[in-house]
2 protein chains.
Amino acid sequence: MIMNNFRMTPQRRIILEELKKTRKHPTADEVYHSVRKKLPDISMGTVYRNLEILTKQEEVQVIRNGGKKKRYDGNSTKHFHIKCTNCGRIDDLPENLVGLIKKNITVDCGYEITGYSLVLYGLCPDCKKKLGGK
Amino acid sequence: MIMNNFRMTPQRRIILEELKKTRKHPTADEVYHSVRKKLPDISMGTVYRNLEILTKQEEVQVIRNGGKKKRYDGNSTKHFHIKCTNCGRIDDLPENLVGLIKKNITVDCGYEITGYSLVLYGLCPDCKKKLGGK
DNA sequence: TTTGGTGCAAATTCTTTGCATCTCT
DNA sequence: AGAGATGCAAAGAATTTGCACCAAA
């Protein structure tokens, strides 16, 4: 597989559309189920293969932090996330921390920095309400 | 299982010792193999169960970022990590970014922040050497 | 003697892969 | 024809769990 000539199949297009249209950072399984509403015969294998290809093409980014499941983000620009420790929901954070961190990364441990991932943890508004009594 | 009376078994003690003594942030499998040198009959199940308990007790923290495997860190104080994108090695970062980030986390999205995880990506000194030509 | 822990093996969960078939060029 | 893609099912990898037995309080 030389993989420099990707085709935009209906499956790939709809997977990408679903990811672009939500900010829910769905898991592969969630993508599968939402795409299935439009393409009832699509398989998990196809979903995984396309998510991988879209990630390689940098149309999509993977969020992998805290849980067992990968989550996929249709916004491939660098940004931060915040994850609810109660329900697992992941939201985007505003861009303002990025510059700050970049400016202050002065790591003298010999690494050559190419990227970074920040996830904040906390209770989302809904869960805060639900767990209010505690 | 009410789990408020933990016992310090030899298995648990040695797992913790191994984690405290290294800065390599081993995977469960790596813990299993190093503990096996002292306790040849220990099982993976026991390793996983103890890693989970030690994490709950906050003796140990889990690093889960970028890869499929969890990694375990015998340093349970909050600190940052840097991960080599080539070999997967994870090192600690100095503490200096923590205060900075804490001071500047002003998230107005309704979350109640309880923690955060930052992993930097890059090439470790060894891999930088190896891949020098590129 | 009750509660927690262990080893072993089976089961789960998430993800990847092999394969025959299909679809674009 | 030939490369990429698909659906299906099986395989893999990492982790969790059920169970019978063991051990400390």
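Chain A is the first sequence line, chain B the second, and so forth, proteins listed ahead of strands; every chain is numbered from 1.
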*Report the C-alpha separation of B:L39 and B:Q11 in whole Å, then their side-chain angles, then the decisive distance to 0.1 Å, and conclude whether the side chain to side chain contact (heavy atoms under 4.5 Å, CB included) test is met.*
CA-CA 7 Å; B:L39 297 173; B:Q11 289 86 341; 3.9 Å; yes

*Please say which of B:V62, B:L19, B:L16 ends up in a side-chain contact (heavy atoms from CB on, under 4.5 Å) with B:L51.*
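Running side-chain contact (heavy atoms from CB on, under 4.5 Å) over B:V62, B:L19, B:L16 with B:L51 returns exactly one hit, B:L19.
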
*Could you point out which residue of A:I14, A:N50, A:T46 forms a side-chain contact (heavy atoms from CB on, under 4.5 Å) with A:V35?*
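Between A:V35 and the candidates, side-chain contact (heavy atoms from CB on, under 4.5 Å) is satisfied uniquely by A:I14.
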
Check whether any side-chain N or O of [X] sits under 4.0 Å from OP1 or OP2 of [N], and answer yes or no.
X     : N      : value
A:R12 : D:dA5  : yes
A:T46 : D:dG7  : yes
B:Y48 : D:dT16 : no
B:K70 : D:dT16 : yes

Once you round it to whole Å, what is the distance between [atom2] of [N] and [atom1] of [X]?
X     : N      : atom1 : atom2 : value
B:K69 : C:dC14 : NZ    : C1'   : 15 Å
A:D41 : D:dA9  : CG    : P     : 12 Å
B:E30 : D:dA14 : CD    : P     : 11 Å
B:R71 : D:dT15 : CZ    : C1'   : 16 Å
B:Y32 : C:dT6  : OH    : C1'   : 13 Å
B:M8  : D:dA23 : CE    : P     : 19 Å
A:R49 : C:dC14 : CZ    : C1'   : 15 Å
B:I42 : C:dC8  : CD1   : C1'   : 13 Å

*Between A:E52 and A:K56, is there a salt bridge with N-O shorter than 4.0 Å?*
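Salt bridge present between A:K56 and A:E52.
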
*Any ion pair linking A:K24 and A:E30 (charged N to carboxylate O, less than 4.0 Å)?*
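No, A:E30 and A:K24 are not salt-bridged.
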
*Among C:dT15, C:dC8, C:dG5, the one nearest A:M44 by side-chain distance*: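 The listed nucleotide nearest to A:M44's side chain is C:dT15.
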
*Most 5' of B:R7 and B:E52 on DNA chain D, judged by nearest nucleotide*: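 Looking at DNA chain D, the more 5' nearest nucleotide goes with B:E52.
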
_Can you work out whether B:G45 or B:T9 has the more 5'-proximal nearest nucleotide on DNA chain C?_
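The residue whose closest nucleotide sits nearer the 5' end is B:T9.
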
